[in-house]
2 protein chains.
Amino acid sequence: MVAMSLHHPSREDLEVATVLHALSDPQRLRIVTRLAGAEEPCSCGGFGLEVTKSTLTHHFRVLREAGVIAQRPVGTSKFNSLRREDLDARFPGLLDAVLSAAPAPVTSAAP
Amino acid sequence: MVAMSLHHPSREDLEVATVLHALSDPQRLRIVTRLAGAEEPCSCGGFGLEVTKSTLTHHFRVLREAGVIAQRPVGTSKFNSLRREDLDARFPGLLDAVLSAAPAPVTSAAP
DNA sequence: TCGTTGGTACGACGACCACCGTACCAAATA
DNA sequence: TATTTGGTACGGTGGTCGTCGTACCAACGA
């Protein structure tokens with residue numbers, strides 16, 4: 001099987017309740033904050049979350065299916081990025097408000 | 001027994017994940033939108049939600065305990081109001097973003 | 001070729017959630 | 001006093017959620 005290529009909801013299908021739900025979990029909030037901090041897309045690991053791989057997969061899927069992040073498969077890994085433009089277009093100011101409200105994520109951008 | 005007078009979290013205890021979760025339900029989103037529309041506090045009924053009284057009580061409690069609304073008992077009824085100032089202070093722009101993102105609530109204040 | 005790495009699929013478990021019905025209460029009104 | 005009104009408390013039901021472990025797969029490096 002080739003891809004089954006990761007379903008992403010289109011911009012106009014984003015629903016505010018779904019997005020808010022995706023953002024209402026501390027772990028996912030952490031992921032999103034990290035993603036917002038790093039300008040380049042980054043893979044699923046290395047977020048320093050203390051959960052297992054399967055749980056990570058779950059959280060990333062919830063975020064993707066809500067339309068909060070985009071996932072692009074690259075080799076054996078996956079690039080995750082925030083869907084800033086889409087979110088800003090549909091829900092102006094929401095992402096920024098959430099990001100500035102969220103507790104600082106220890107910015108592991110290690111030196 | 002007198003009051004047990006409705007616990008409201010103080011401003012500095014508001015948590016963004018909890019607030020987002022409270023707002024991530026369609027019914028509660030509707031309540032909040034209505035509350036934002038009507039400048040005066042209003043009682044729990046009359047929101048036109050198609051759920052039973054007990055479910056209404058549940059949703060209002062979730063909103064109150066998250067710090068989204070304030071409930072003040074008045075006679076046999078209760079006045080609900082949005083905690084705008086507190087929310088704006090802790091999470092600037094969040095409430096406005098959610099309100100403008102939320103689907104219009106049939107604005108029973110028909111033009 | 002073998003092991004490692006990054007990720008998925010599936011099944012399970014306990015916790016929580018939205019919703020309901022019933023019973024109940026206090027205030028206002030008749 | 002009896003009734004209505006606006007709301008709470010409790011218990012239950014079905015569904016979803018967060019988490020995990022195990023098994024698995026594809027790509028890469030030794």
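Note that these values count all heavy atoms, side chains included, but never hydrogens, waters or copies made by symmetry. Residue numbers begin at 1 in each chain, while the letters A, B, ... track the order of the sequences.
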Specify the separation, in whole Å, of atom CG of A:Leu63 and atom P of C:dG7. 14 Å

Quick one: which of C:dG7, C:dC20, D:dG7 gets closest to the side chain of B:Ser77? D:dG7

Atom pair distance, as rounded to whole Å: NZ in A:Lys53 and P in D:dT22: 13 Å

Taking the side chain of A:Ser43 as heavy atoms from C-beta outward, which of D:dT19, C:dG7, C:dC19 is closest to it? C:dG7

D:dC17 P sits how many Å from B:Asp25 CG, rounded? 12 Å

Other residues, nucleotides and ligands only: do more than 12 of their heavy atoms fall within 6.0 Å of CD on B:Glu65? yes

Give a yes/no answer on whether the side chain of A:Thr55 brings an N or O atom under 4.0 Å of OP1 or OP2 in D:dG18. no

Does B:Gln71 put a side-chain nitrogen or oxygen below 4.0 Å from OP1 or OP2 of D:dG7? no

Test B:Asp88 against B:Arg83 for salt bridge (Lys or Arg N to Asp or Glu O under 4.0 Å), laying out the working first. CA-CA 8 Å; B:Asp88 287 348; B:Arg83 290 181 60 181; over 6 Å; no

What's the closest nucleotide to the A:His21 side chain, out of D:dG7, D:dG21, D:dG18? D:dG18

Assess whether one donor atom and one acceptor atom, taken from the side chain of A:Lys78 and the base of C:dG7, lie less than 3.5 Å apart. no

Just how far, in rounded Å, is C1' of C:dT8 from NE2 of A:His7? 18 Å

Output yes when at least one side-chain N/O atom of B:Ser54 is less than 4.0 Å from OP1 or OP2 of C:dC20, else no. no

Report yes if at least one side-chain N or O of A:Arg61 is closer than 4.0 Å to OP1 or OP2 of C:dG7; otherwise report no. no

Tell me yes or no: between the side chains of B:Thr55 and B:Thr52, is some donor less than 3.5 Å from an acceptor? yes

With nearest nucleotide decided by heavy atoms, which residue, A:Arg28 or A:Gly75, maps closer to the 5′ end of DNA chain D? A:Arg28

Taking everything shown except B:Glu85 itself, do over 12 heavy atoms lie less than 6.0 Å from its CD? no

Of the listed nucleotides D:dG18, C:dA18, C:dG7, the one nearest the side chain of A:His58: D:dG18

Using whole Å, report how far NE2 of B:His59 lies from C1' of C:dC20. 12 Å

Please report, rounded to the nearest Å, how far the C1' atom of D:dG18 is from the CD atom of A:Glu50. 15 Å

Rounded to the nearest Å, what distance is computed from the CZ atom of residue A:Phe79 to the P atom of nucleotide D:dA27? 16 Å

Donor-acceptor pair, side chain of B:Ser100 and main chain of B:Ala97, under 3.5 angstrom: yes

Could you state the CG-C1' distance from A:Asn80 to C:dG7, rounded to the nearest angstrom? 11 Å

B:Thr57 side chain N/O closer than 4.0 Å to the phosphate oxygens (OP1, OP2) of D:dG7? no

For A:Thr76 and C:dT5, is the shortest distance between a side-chain N/O and OP1 or OP2 below 4.0 Å? no

